[in-house]
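Structure, as structure tokens:
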Amino acid sequence: MCGMTGVWCSVQKDRLESITRTMTTTIQHRGPDDSGVWVDDSIGLGLGHRRLSILDLSLAGHQPMHSSCDHYVIVFYGEIYNHLDLRNQLSVDSQQRQWKGHSDTETLLNAIEIWGLESTLKRCEGMFALAVWDRTKSILMLARDRLGEKPLYYGWQGEGVNTAFLFGSELKALRKHPSFK
């Protein structure tokens, strides 16, 4: 099943990793095989992921996942049905791309790196939700499949300096943030 969480805030940076872990632990039933948290205190962003290993059982599918150029960090859940076709096209477009594993997350992240998010999403067939942080442009992008089969809850919570943007695959993960009302 898998699941993801995230928080972007201007304060509580010293507690950001703890808050992100708490939010992610709340959805551990969605992914008993692995979990991961990535935090950048300097910008106040935390991403969390719970994994149910299906396509790639190795550690090469661990998330949050970083792109090979280190410009992007992604948390993703769902399935890209045509990821092998996309992978073949990427190998042609990027000339001998080196793959670390066999996950659709790695395929998706490489596609975003080569084609951009919008073009990648147009090519994807599947059910999914994702969050991608563009480290070079400081842009957080959230997306889900065209039919919205995989849930993605998001919104602003708190007031003034305590404002936080929260997102996740389940509402109960957002409730664990101290600013949630």
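Computed over heavy atoms, backbone and side chain alike; hydrogens, waters and symmetry mates excluded. Keep in mind the model is a prediction, meaning the values are calculated, not measured.
- Note that OG1 of T5 is 13.0 Å distant from NZ of K172, once rounded to the nearest 0.5 Å.
- For the atom pair L130 CG and H49 NE2, the distance stands at 10.5 Å (nearest 0.5 Å).
- The heavy-atom pair separating P64 from V73 by the smallest distance is CB-CG1, 3.9 Å.
- Of the possible polar contacts, none joining the D104 side chain to the H83 backbone as a donor-acceptor pair under 3.5 Å is found.
- Residue I80 holds its CD1 atom at 4.0 Å from SG of C124, rounded to the nearest 0.5 Å.
- In terms of hydrophobic clustering, with Ile, Leu, Val, Met, Phe, Trp and Tyr side chains grouped at heavy-atom distances under 4.5 Å, V132 and I139 are assigned to a common cluster.
- Counting only heavy atoms from C-beta outward, the side chains of T120 and I114 never approach each other to under 4.5 Å.
- Residues T26 and E170 form no side-chain contact, since every pair of their non-hydrogen atoms from C-beta on lies 4.5 Å or further apart.
- Connection of L86 to Y72 is established within a shared hydrophobic cluster, with ILVMFWY side chains joined at heavy-atom distances below 4.5 Å, either directly or through further cluster members.
- H177 and A164 get closest at one heavy-atom pair: CE1-CB, 3.7 Å.
- Note that the CD atom of E118 and the NZ atom of K122 stand 4.5 Å from one another [nearest 0.5 Å].
- Within the structure, side-chain hydrogen bond (donor to acceptor under 3.5 Å, both in side chains) contacts touching residues 129-151 (residues at least two apart or in different chains) are D70-R135, D134-T136.
- Of the possible donor and acceptor atoms, one in the side chain of S169 sits under 3.5 Å from a partner among the backbone N and O of M4.
- A distance-only check finds a donor-acceptor pair linking the side chain of T163 to the backbone of G160 [under 3.5 Å].
- For D40, the side chain to side chain donor-acceptor pair (under 3.5 Å) partners are S42, not counting sequence neighbours.
- Under the rule for a side chain to side chain contact (heavy atoms under 4.5 Å, CB included), the partners of S35 that lie at least two apart in sequence or sit in another chain are R50.
- Counting heavy atoms from C-beta on, the side chains of P151 and Y77 come closer than 4.5 Å.
- At a threshold of 4.5 Å between non-hydrogen side-chain atoms, the residues L47 and T20 do not count as touching.
- The side chain to side chain contact (heavy atoms under 4.5 Å, CB included) check on T105 picks up Q63, M65, I74, F76, S103, with sequence neighbours excluded.
- Side-chain atoms of S91 and W99, non-hydrogen and from C-beta on, do get closer than 4.5 Å to each other.
- Residues passing the side chain to side chain contact (heavy atoms under 4.5 Å, CB included) test with T25, sequence neighbours excluded: Q28.
- W8 has its side chain out of reach of L16: every pair of non-hydrogen atoms, C-beta onward, lies at least 4.5 Å apart.
- Evaluation of the side chain to side chain contact (heavy atoms under 4.5 Å, CB included) rule for Y154 yields L142, L152, F165, F167 as partners, not counting sequence neighbours.
- Under a hydrophobic clustering in which Ile, Leu, Val, Met, Phe, Trp and Tyr are joined whenever their side-chain heavy atoms come within less than 4.5 Å, directly or via other members, V75 and I27 fall into different clusters.
- Of the inter-residue distances, the one linking R51 atom CZ with D34 atom CG reads 6.0 Å to the nearest 0.5 angstrom.
- At a threshold of 4.5 Å between non-hydrogen side-chain atoms, the residues I112 and S67 do not count as touching.
- Between the side chain of N110 and the backbone N or O of E106 there is at least one donor-acceptor pair closer than 3.5 Å.
- Residues Y81 and L121 do not share a hydrophobic cluster, clusters being chains of Ile/Leu/Val/Met/Phe/Trp/Tyr side chains in contact below 4.5 Å.
- Annotation: the span from E125 atom CD to E79 atom CD amounts to 11.5 Å, rounded to 0.5 Å.
- Although no hydrogens or angles enter the test, the distance criterion places a donor-acceptor pair under 3.5 Å between the side chain of Q157 and the main chain of K181.
- Note: the hydrophobic cluster containing Y153 also contains V7 (ILVMFWY, side chain heavy atoms under 4.5 Å, direct or indirect links).
- At least one side-chain heavy atom of P178 sits under 4.5 Å from a side-chain heavy atom of I19.
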